[in-house]
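Worksheet: one structure, shown below.
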Amino acid sequence: MKKHCVSLQETGQFSDFFLDYLNGKEQLKPFYSLEPKLESFSEAIKNKNFSNSARETLVKELHSQYEGIEISEKVKTNIQSLALDQTFTVTTGHQLNLFTGPLYFIYKIVSTINLAKQLSQKYPVNKFVPVYWMASEDHDFDEINYFKLDGEKYQWNSDQTGAVGDFHLDDSFQSFLKSVSFAPDFFKEAYSTSKTLAEAVRKYVNHLFGEHGLVILDGNSPALKSQFKDVIQDDLFLHHSNQKAEEATQKLEELGYKGQIFPREINFFYLHQGIRERIERSGDEFKVLNTELKFSKTELEKLIETNPERFSPNVVLRPLYQEVILPNLAYLGGPAEVIYWLQLKGVFDYFEVPFPILLPRNFALLITPLIRKKIVQLGWDETQIFEDYDSWKKEFVRSEASMDLELQEEKELISSLFEKKGAEAALLEGSLKEAFAAGKVRSLKILDQMSRKLRKAEEKKQQVQLDRALAIHAFTKPNGSPQERVVNMMQFYLSSPELIDDLAACFDPLDFRMMVLDL
């Protein structure tokens, strides 16, 4: 792959909030602990105290979750190393999208793997394990039940409810699977040999990234949730998480930044047998919304002790849960993820859990030889790929025209003439000034019409170049959204099975620029 880099600011795809964080804006420093740079990790290592018992629980749970799955020596070694004091993780997380979903799912994981490699070189005394956190407890099925390839949408429809990781790959899924016969065999095998969506995702992600040592963790576990009991108790009955997150959100809003997440009094869902619904307090009772379930405080306290797995953290507490059960130093996420973590530092401080280093995943745009040819024919540099098409088109047609398409000089002459003659006519009769003013308006409207005709004629003359630009934009921003947020990896993987290795060779998780990669 040939690599070109463009500053994130020049792409027009990122919020000021996100860019201010990356640029180290002074006002945002109270909302995180360590800067997103390689040198910060020495301090992060010192700050992360992770007990031997927690390590033992983690290793035992990972062995259980991988049971029956063939794994690489690198994954085996990484799992075993997590029992050692000098081993730490760097983590990314994502939903269980069908067939990986959009490209940025792949980008997240490759960025995380490469960060672990860089840290191993910088700090050879320690070991660093890349982790993919499966968002198996998420219940927004509509966000994950499809993928897009070559402009087509492939979707699985199911009436199952609850945590998507527990969704059974039933007859409806097997029927859907037949509609994607073009998918690589490892996908088909993962889905056809698994009972649940979480099981299938573990298998295909392991196939794609196992040789790179990626460890896959499902937080939906009684053993792991047992380590979170104190937080569950506090959130349900004392609501400190809500208080701390609200305080940070208010401070950020006072600085002009809009909050990305909305904390609640209770930040847990009830999770059990096809149900994942919010818990709300109503007087002395705690109700599970959209069900008949309700509990007293005593009953909930007992349930936390005996079945902590029935409590599923929402977006406010999932990050804290991750940091409690992993010896983690950094989280890599997309722009929205990175900045919503900034609302949570107070929550981490209250529970005395070290706040991880926040890093953006790598951003990339894949360019095929045909699209590159069109870019060259237009004479574009890399930044022009990201320009708004309509704005570029207007300026391009104007610059290529043999005459002023706006007829600006003519408009000025007409205006001057009518104004001059209107003033003279007003000396004869006052009402004539208004008549001349109306005549000016009509004349200028006629010139506007002529201007539009000239522009259309010029566009027709430049149609070949305009079509090239339109094709580029349709490829790089399908339906107006960045390629990495829409297109599935199979669009490139099917013709280039070495795609992931090529991305790994190009990605630098500490280089916060957009990469334009020629396939």
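Just so it is clear, the values below take in all heavy atoms, side chains as well, and ignore hydrogens, waters and symmetry mates.
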Side-chain contact, heavy-atom cut-off 4.5 Å: [X] with [Y]?
X	Y	answer
Glu419	Lys440	yes
Gln322	Thr91	yes
Leu503	Met1	yes
Pro313	Leu320	no

Is the [X] ring parallel, tilted or perpendicular to the [Y] ring (thresholds 30°, 60°)?
X	Y	value
His139	Phe269	perpendicular
Phe18	Phe363	perpendicular
Phe173	Tyr191	tilted

Residues that Phe348 engages under ring pair (Phe, Tyr, Trp, His ring centres under 6.0 Å), provided they are two or more places apart |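 Counting only residues at least two positions away or on another chain, Phe348 forms a ring pair (Phe, Tyr, Trp, His ring centres under 6.0 Å) with Trp341, Phe355.
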
SB check Lys345 Asp349 (cutoff 4.0 Å) =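 Counted as a salt bridge, because a side-chain N and a carboxylate O are separated by less than 4.0 Å.
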
Below 4.0 angstrom, N of the basic side chain to O of the carboxylate: do Lys2 and Asp518 qualify?
->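 Salt bridge: no.
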
Polar side chain donor-acceptor pair, [X] to [Y], under 3.5 angstrom:
X	Y	result
Glu143	Asn97	no
Glu265	Asn242	no
Thr92	Trp133	no
Glu10	Ser7	yes
Asn267	Ser241	no
Gln27	Tyr257	no

Do [X] and [Y] have their ring centres less than 6.0 Å from each other?
X	Y	answer
Tyr107	Phe507	yes
Phe176	Tyr154	no
Phe141	Trp156	yes
Trp380	His4	no

Worked check of salt bridge (charged side-chain N to carboxylate O under 4.0 Å, His left out) between Lys411 and Asp448 = CA-CA 9 Å; Lys411 289 178 181 177; Asp448 281 337; 2.6 Å; yes

If every non-hydrogen atom of Pro319 is compared with every non-hydrogen atom of Val315, which pair is closest and at what distance?
-> CD-O, 3.1 Å

Who passes salt bridge (charged side-chain N to carboxylate O under 4.0 Å, His left out) against Glu387, sequence neighbours left out?
-> none

